[in-house]
Amino acid sequence: MNFKQRQIPVIAILTALTVSLSMLFIIPVPATKGFVTLCEVGIYTTTIILKNPGGLAVGALSGLLIDLLSGYPEWCLFSLLIHGTQGFVVAYLTRNNEQPRRLLMPLLCGSVIMVVGYCLATSWLFGWTAGITSIFSNIVQNGFGILVTVPLVKQLYRVRPQLFSE
C-alpha cells in the first residue's frame with residue numbers, strides 16, 4: 001500500500017475527530033444564523049500533520065459534516081469550499097516544515113480565508129449587515145483555534161515526530 005492509500009483512513013478518522021470536537025462546543029450566533037465551534041483546532045492540527053491533499057479533505061469534509069449535523073444545511077456548500085480552501089492553504093504553507101516551526105503565518109493566512117469567506121457568504125445570504133456582524137465571531141473562533149493549535153502541534157511533535165514526516 002502506498003502512502004496515499006494509507007492516508008485515506010487517517011483522513012476519515014481525523015475528519016470524524018474534528019467533527020466530534022466541533023460538536024462538543026457550539027455557540028449559536030443568531031444574527032448570522034450560524035455558530036462558533038472548535039473546528040479550527042481540528043482543521044489546523046490535522047492539516048499541519050497531513051499536508052496536502054489531506055488538509056483540503058479534512059477541512060472540506062469536516063466543514064460540510066458539522067453544518068449537516070448541526071442543522072444548518074444552507075451553509076454546507078459554503079463550509080465545504082471555505083474550510084477546504086483554509087485546510088489547503090495551511091497545509092501548503094506548512095508543507096516543507098518538518099518541525100512545526102513558524103506556524104503563526106500559515107495559521108493567520110488560513111484565518112483570513114475563513115473570516116473573509118464567511119463574511120462574503122453571510123453577506124450573500126443575509127445582506128452586508130449580517131456579513132459585517134459575522135467578522136467578530138469568526139475572528140474569535142480562529143484566534144482560539146490558533147491559541148490551542150500551536151502548543152498542541154508542538155507537543156505532538158515532541159512526543160511523536162514521525163507524525164510529521166511522509
Side-chain angles (χ1 to χ4, degrees), residues 11 14-15 17-67 70 72 74-97 99-126 128-157 163-164:
I11 289 170
L14 291 174
T15 299
L17 187 63
T18 301
V19 171
S20 300
L21 179 67
S22 299
M23 299 303 289
L24 194 78
F25 179 77
I26 294 179
I27 299 173
V29 180
T32 61
K33 296 185 175 126
F35 51 88
V36 175
T37 70
L38 297 174
C39 72
E40 263 60 44
V41 175
I43 291 172
Y44 289 151
T45 303
T46 57
T47 54
I48 291 167
I49 292 170
L50 291 178
K51 312 292 186 233
N52 281 323
L56 181 135
V58 169
L61 291 173
S62 62
L64 174 84
L65 290 170
I66 291 164
D67 287 336
S70 301
Y72 294 94
E74 67 273 14
W75 288 102
C76 287
L77 179 62
F78 296 115
S79 294
L80 178 84
L81 296 172
I82 293 166
H83 286 299
T85 305
Q86 180 185 24
F88 177 81
V89 167
V90 172
Y92 181 79
L93 293 175
T94 59
R95 73 190 180 287
N96 296 327
N97 233 357
Q99 286 188 344
R101 290 179 269 172
R102 298 186 199 106
L103 293 176
L104 191 57
M105 205 56 179
L107 296 178
L108 286 175
C109 289
S111 295
V112 167
I113 288 168
M114 191 269 209
V115 170
V116 170
Y118 275 114
C119 177
L120 294 174
T122 305
S123 298
W124 189 66
L125 286 174
F126 305 110
W128 283 105
T129 307
I132 300 298
T133 306
S134 73
I135 291 173
F136 178 73
S137 61
N138 288 326
I139 288 173
V140 169
Q141 179 171 323
N142 276 279
F144 186 75
I146 290 171
L147 286 174
V148 173
T149 299
V150 171
L152 178 63
V153 167
K154 290 186 179 189
Q155 186 66 24
L156 282 172
Y157 182 78
L163 280 175
F164 296 87

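Source: prediction; values computed, not measured.
- Asn138 CG to Gln141 CD: the interatomic distance, rounded to the nearest 0.5 Å, is 6.0 Å.
- Applying the side chain to side chain contact (heavy atoms under 4.5 Å, CB included) criterion to Phe136, with sequence neighbours excluded, gives Val140.
- Closest approach of Gly55 to Ala91, counting heavy atoms only: CA-CB, 4.2 Å.
- Scored by the ring pair (Phe, Tyr, Trp, His ring centres under 6.0 Å) test, Trp124 finds Phe78 as partners (sequence neighbours excluded).
- Considering only heavy atoms from C-beta on, Trp75 comes within 4.5 Å of Leu125 through its side chain.
- Evaluation of the side chain to side chain contact (heavy atoms under 4.5 Å, CB included) rule for Leu81 yields Leu77 as partners, not counting sequence neighbours.
- Of the possible polar contacts, none joining the Thr122 side chain to the Cys119 backbone as a donor-acceptor pair under 3.5 Å is found.
- Shown here for Ser22 and Leu38, the closest heavy-atom pair between the two residues is OG-C, 3.9 Å.
- One finds the CD atom of Glu40 at 8.5 Å from the OG1 atom of Thr149 (value rounded to the nearest 0.5 Å).
- At a threshold of 4.5 Å between non-hydrogen side-chain atoms, the residues Arg95 and Tyr92 count as touching.
- In terms of modelled atom types and a separation under 3.5 Å, the side chain of Thr37 and the main chain of Cys39 share a donor-acceptor contact.
- Formation of a donor-acceptor pair under 3.5 Å by the Ser134 side chain with backbone atoms of Gly131 is found in this model.
- Contacts of Leu17 classified as side chain to side chain contact (heavy atoms under 4.5 Å, CB included), with partners at least two apart in sequence or in another chain: Leu14.
- At distances below 3.5 Å, not a single donor-acceptor pair connects side-chain atoms of Thr45 with backbone N or O atoms of Gly42.
- Two residues are said to be in side-chain contact when any heavy atoms from C-beta on lie closer than 4.5 Å; Thr94 and Leu103 meet this criterion.
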- Item | Stepwise side chain to side chain contact (heavy atoms under 4.5 Å, CB included) check, Ile43 with Gln86 | CA-CA 8 Å; Ile43 291 172; Gln86 180 185 24; 4.3 Å; yes
Side chains of residues 108-118: which donor-acceptor partners sit under 3.5 Å, not counting sequence neighbours?
from	atom 1	to	atom 2	distance (Å)
Ser111	OG	Tyr44	OH	3.0
Ser111	OG	Leu107	O	2.9
Ser111	OG	Asn142	OD1	3.1
Tyr118	OH	Ser79	OG	2.5
Tyr118	OH	His83	NE2	3.2

Enumerate, atom names and distances included, each donor-acceptor pair closer than 3.5 Å involving a side-chain atom of residues 56-65, sequence neighbours excluded.
from	atom 1	to	atom 2	distance (Å)
Ser62	OG	Val58	O	2.6
Ser62	OG	Gly59	O	3.3

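- Note that CD1 of Ile11 and OG1 of Thr18 are 11.5 Å apart. Values are rounded to the nearest 0.5 Å.
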